[in-house]
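The chains referred to below are lettered A, B, ... by the order of the sequence lines, with proteins before strands, and numbering in each begins at 1.
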Number of protein chains: 2
Amino acid sequence: MTSDPPRLRADARRNVEGIRTAALDVFRAGGLNSPLDEVARAAGVSKGTIYHRFGGRQGLIDSVVEELVAERIRGIVTSVDAVDDPVDRFESYLRQIWLLQYDEPAANDVLLRAMPGSEQLIALCEHASAAAARFLDDAQATGTIRDDLTPDDVHLLIWERGIIARACDQQHRDAYRRSFEHTLRGLRSDA
Amino acid sequence: MTSDPPRLRADARRNVEGIRTAALDVFRAGGLNSPLDEVARAAGVSKGTIYHRFGGRQGLIDSVVEELVAERIRGIVTSVDAVDDPVDRFESYLRQIWLLQYDEPAANDVLLRAMPGSEQLIALCEHASAAAARFLDDAQATGTIRDDLTPDDVHLLIWERGIIARACDQQHRDAYRRSFEHTLRGLRSDA
DNA sequence: ATCGTTCTTGACCATGACGTCAAGTAACGC
DNA sequence: GCGTTACTTGACGTCATGGTCAAGAACGAT
């Protein structure tokens, strides 16, 4: 199972590992569009090696994205799942996703991107979407959250926050939070 | 007054005009970051001429920005000024600015940018900011708009919308409107 | 019509990214 | 140890942008 393809030579294996590690660091810090040269430098390897081993950016992303963000997103879903009040649950889901988008450019890229890649990622996104729809539904049932709100709206709100978060070097976290609280309030039913 | 600097040669005058016109078109369609080569092509002139005549992008912008957006922004302020109800006035100001940002990339760039330039532009922005502050204040006086809202918040809301509008090729106008209505609702006082 | 001056041109350099490949290097099997 | 083959390298090609400048073209004063 480790040696499906004939098995790599020792230096190759070493490099693959080094590159993955470097990619985790670099992508974590700068998002999935960080220059590959930077990853190469961080791995102490030449750009060519990355292309040779991973086929290019997409291959590299596929190979690390799971480890990069899956846990974070799944963590949010399960931790939010434990919240009792349906409205709190819905709102804290959004808050946490929004903050994740601000704090982790890579996760944001994943949430934003048209999801080019891996099976697991698609599953992950569906997991999150399904959870979001569930949270929304429960919250609407209490009458506190507007019932003209659709899962697509939620999607859109996340997308928009992602776009804003990408420009975050120009905005402080507090301002970011303050402003999404406005939006959040707007999702509640009218008096 | 027309001939403060010694007066240009005929071809130069012709080109300056052509470039300004082309810049209006190009910037209108693609925002203030459109490649200067595109402006040059549209003006039937070489890139060098633009640099020679306007000193670069900033100079060119300075020379057309007034004509490009001032009227739109002033128009919004005065038209909104005529609205009776203070809350309507405030909200329709935001709606109109936000739509302007969607519809006119160049205006959006002006609203977004740290305002590098011209005197008149600074005056224009202060005019708009002052109006916004006034609208906010009046609206808050009615008790319908949250009174913890500051002019800075309004600024921020406009900035954020601008960032989103920049990515608008990926979003329909209706979705854009729908989502800013959520935010708008969130600016009202709690029951 | 001529000539000095003003203007314009487009080829040129720079930057920063992606992506490729011939040639050199190092691991592995024997 | 040594040859074979897998691996790596880094120089190179490309594209899209911003920006410059010497040399040639156009103007207009005389």
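Within the structure, ring pair (Phe, Tyr, Trp, His ring centres under 6.0 Å) pairs that include any residue of residues 7-45 of chain B do not occur (at least two apart or interchain). Annotation: ring pair (Phe, Tyr, Trp, His ring centres under 6.0 Å) contacts involving residues 128-158 of chain A, sequence neighbours excluded, comprise Y93(A)-F135(A). Pairs engaging residues 32-79 of chain A under the ring pair (Phe, Tyr, Trp, His ring centres under 6.0 Å) rule: none recorded [sequence neighbours left out].
With sequence neighbours left out, E104(B) forms a side chain to side chain contact (heavy atoms under 4.5 Å, CB included) with R28(B), R72(B), L100(B), A107(B). In this structure D11(A) satisfies the side chain to side chain contact (heavy atoms under 4.5 Å, CB included) test together with R9(A), R14(A), sequence neighbours excluded. Qualifying side-chain hydrogen bond (donor to acceptor under 3.5 Å, both in side chains) partners for Q101(B), counting only residues two or more places apart in sequence or in other chains: N108(B). Take F90(A) and apply the ring-ring contact (aromatic ring centres under 6.0 Å, His included) test, not counting sequence neighbours, and it matches no residue. Every residue two or more places apart in sequence or in another chain was checked for a side-chain hydrogen bond (donor to acceptor under 3.5 Å, both in side chains) with R13(A), and none qualifies. For the side chain to side chain contact (heavy atoms under 4.5 Å, CB included) test, residues two or more places apart in sequence or in another chain that qualify with T142(B) are P86(B), V87(B), T144(B).
Over its full length, the helix from dA1(C)-dT30(D) to dC30(C)-dG1(D) turns its helical axis through 20°, comparing axes from the five pairs at each end and rounding to 10°.
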Are any protein N/O atoms closer than 3.5 Å to N/O atoms in nucleotides 11-17 of chain C? If there are, list each pair with its distance.
none

- Item | Contact state string [nucleotides 3-8 of chain D, B base, S sugar-phosphate only, - no protein heavy atom under 4.0 Å] | ---BSB
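For the pair I50(A) CD1 and dG10(D) P, the interatomic distance rounds to 14 Å; values are reported in whole Å. Taking atom CZ of F54(B) as the reference point, atom P of dG19(D) lies 15 Å away to the nearest angstrom.
Side-chain contact annotation: R161(A) with S179(A), donor-acceptor N/O pair under 3.5 Å present.
Between Y51(A) and dT20(C) there is no side-chain polar atom (N or O) within less than 4.0 angstrom of OP1 or OP2.
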